[in-house]
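Keep in mind the model is a prediction, meaning the values are calculated, not measured. Just so it is clear: chains get the letters A, B, ... in the order the sequence lines come, proteins before strands, and each one is counted from 1.
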Protein chains: 2
Amino acid sequence: MSQAPIFQRIKDYIIAQIESGAWAEGTLIPTEMALTKTFSTSRMTVNRALRELTAELVLVRRQGAGTYVAPQKVQSTLVEIKNIADEIAARGHRHHAQLHALERIPACEMLAQQFKLKVGQHLFHSIMVHFENAVPIQVEERWVNPSIAPDYMTQDFNHVTPNEYLMNVAPLQGMDYRLEAVLPTQNIASMLHIEPSQPCLVLHRTTRSANQIATCVTMWHAGNRYQFVGGKEQSAQSS
Amino acid sequence: MSQAPIFQRIKDYIIAQIESGAWAEGTLIPTEMALTKTFSTSRMTVNRALRELTAELVLVRRQGAGTYVAPQKVQSTLVEIKNIADEIAARGHRHHAQLHALERIPACEMLAQQFKLKVGQHLFHSIMVHFENAVPIQVEERWVNPSIAPDYMTQDFNHVTPNEYLMNVAPLQGMDYRLEAVLPTQNIASMLHIEPSQPCLVLHRTTRSANQIATCVTMWHAGNRYQFVGGKEQSAQSS
DNA sequence: TAGTGGTCTAGACCACAGC
DNA sequence: CTGTGGTCTAGACCACTAT
């Protein structure tokens, strides 16, 4: 592949050294100047290759010291959980939602703590059921911080999901989540049209915006008709 | 912040334009030459800023055409599932494992299909239970392709988890996974010391190495004592 | 003090898109 | 054809690390 850009050939070479085991993790690799001579190129080109591999967590660089092979990544599986409406649309199926509750409620102690507000301050609360081709697959119970989305109560959630609406009005700053398997309450079971003995896959997610807690959401999925699926390619090189 | 590098100031400027709404998604942004003049810098510096923002999926570039604000990211939650032993160690707890089975078996039709092998070809099969402070939290049932890890049967899995061992001998190429909530079998329930009516969080994962299916694994977690948790910071800028 | 990486310049040639 | 981005050069100055 003599037609590949030089910076890419340098990256490929370094990755090959690491994958062959020749350069173990922590190994001090050749300096920019040395690679400049090996590849008969300029320092800027070598620098780009090394900088990109550093961004990809393949290398670690220390100014004044040198460039090292990064410590081994921990083995982990990244599960990507997408917006329910998009996901259904991507499968070529029809999505619709049913609003079961939309209200303004005072925060109980637990909610107040979650939102870092005082007990009794008001929150918006909504319960929706999402359908895929008329089959209920998700119950979404959500609490919203009014100072982040003051117009939450006046939205038409048949056309825009709470998710989409909040993404637009409140730029996402960060999130925490928790994923568990539990038995549904009587209420949840009836909304999902399942038996109370049927396990549910439950995702709790809290999102932050403007340095506040924007929204807490609990998503219940019937275990027998919903799974989180996905895949991932492991490629050290990109560009 | 006049001490920040120029390329970073350019990145910050572009991100600010996007976040303020001045540049909506799909907007054609100024050319490299234009930014060169705006920031009184060289084209290489502007190029670096734009190239990095492209790698970060903030921008999209089309040679000959121009640079555009990338289409909005889909809202998604990334759940990271780590190696069980590391996770327990990170909590400061003690991990140990119990080997329930380790054998060489001929592939049934279903396994043969999964591994893209012929029915009757042999696979390694293992069942382990992982304990956190003497409490069973995961049952790991695994099938391994012998051509990827011929020495699988002779490992001491009390000291190195199957996960770790396979990561070392078979560089990860990619994976597919499926996450579901189900009721345990009688067997699984007894290994996890739970009631058969207690839901389990089950992760199925298939990994590829050397263009083959390396291993299929099913991990059962007691729903009442195990959850996948995590968080994520949303930051468009990096370097 | 010598060597490393971090950043930057002012040019250059090329492939590709749109007119 | 002109203008865009993609890549590259051969220097440069600086901050930092190790000896």
(request) Measure across A/Glu180 and A/Arg178 and return the closest heavy-atom pair with its distance rounded to 0.1 Å. (result)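 Taking A/Glu180 first and A/Arg178 second, the nearest heavy atoms are OE2-NH2, 3.9 Å.
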(message) Looking at every non-hydrogen atom in both residues, tell me the closest pair between A/Thr36 and A/Arg43 and how far apart they are.
(response)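 A/Thr36 and A/Arg43 have their closest heavy atoms at OG1-CA, 3.6 Å.
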Look at the side-chain N and O atoms of [X] and state whether any lies under 4.0 Å from the OP1 or OP2 oxygen of [N].
X       : N      : value
A/Arg61 : C/dG6  : yes
B/Arg62 : C/dA17 : no
B/Thr67 : D/dT4  : no

Between [atom2] on [N] and [atom1] on [X], what's the gap in Å once rounded to a whole number?
X       : N      : atom1 : atom2 : answer
B/Glu32 : C/dA15 : CD    : C1'   : 14 Å
A/Asn47 : C/dT4  : CG    : P     : 14 Å
A/Lys37 : C/dG3  : NZ    : P     : 10 Å
B/Gln8  : C/dC8  : CD    : C1'   : 15 Å
B/Tyr68 : D/dT4  : OH    : P     : 11 Å
B/Phe39 : C/dT7  : CZ    : C1'   : 16 Å
A/Arg51 : D/dC8  : CZ    : C1'   : 14 Å
B/Gln63 : C/dG18 : CD    : C1'   : 13 Å

(request) Among the candidates C/dA15, D/dA15, D/dT7, find the nucleotide nearest to the side-chain atoms of A/Pro5. (result)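 Ranking C/dA15, D/dA15, D/dT7 by closest atom to the A/Pro5 side chain puts D/dT7 first.
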For nucleotides 9-11 of chain D, give me every protein contact, N/O to N/O, under 3.5 Å, one pair per line with atom names.
{"residue": "D/dT9", "atom": "OP1", "partner": "A/Thr41", "partner atom": "OG1", "Å": "3.3"}
{"residue": "D/dT9", "atom": "OP2", "partner": "A/Thr41", "partner atom": "OG1", "Å": "2.4"}
{"residue": "D/dT9", "atom": "OP2", "partner": "A/Ser42", "partner atom": "N", "Å": "2.8"}
{"residue": "D/dT9", "atom": "OP2", "partner": "A/Ser42", "partner atom": "OG", "Å": "2.9"}
{"residue": "D/dT9", "atom": "OP2", "partner": "A/Thr45", "partner atom": "OG1", "Å": "2.9"}

Cut-off 3.5 Å, side chains only: do [X] and [Y] have a donor facing an acceptor?
X        : Y        : value
B/Thr67  : B/Arg61  : yes
B/Tyr152 : B/Ser126 : yes
A/His95  : A/Glu132 : no
B/Ser147 : B/Gln212 : yes

(request) Please tell me if the side chains of A/Val217 and A/Glu140 come closer than 4.5 Å, counting only heavy atoms from C-beta onward. (result)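 In contact.
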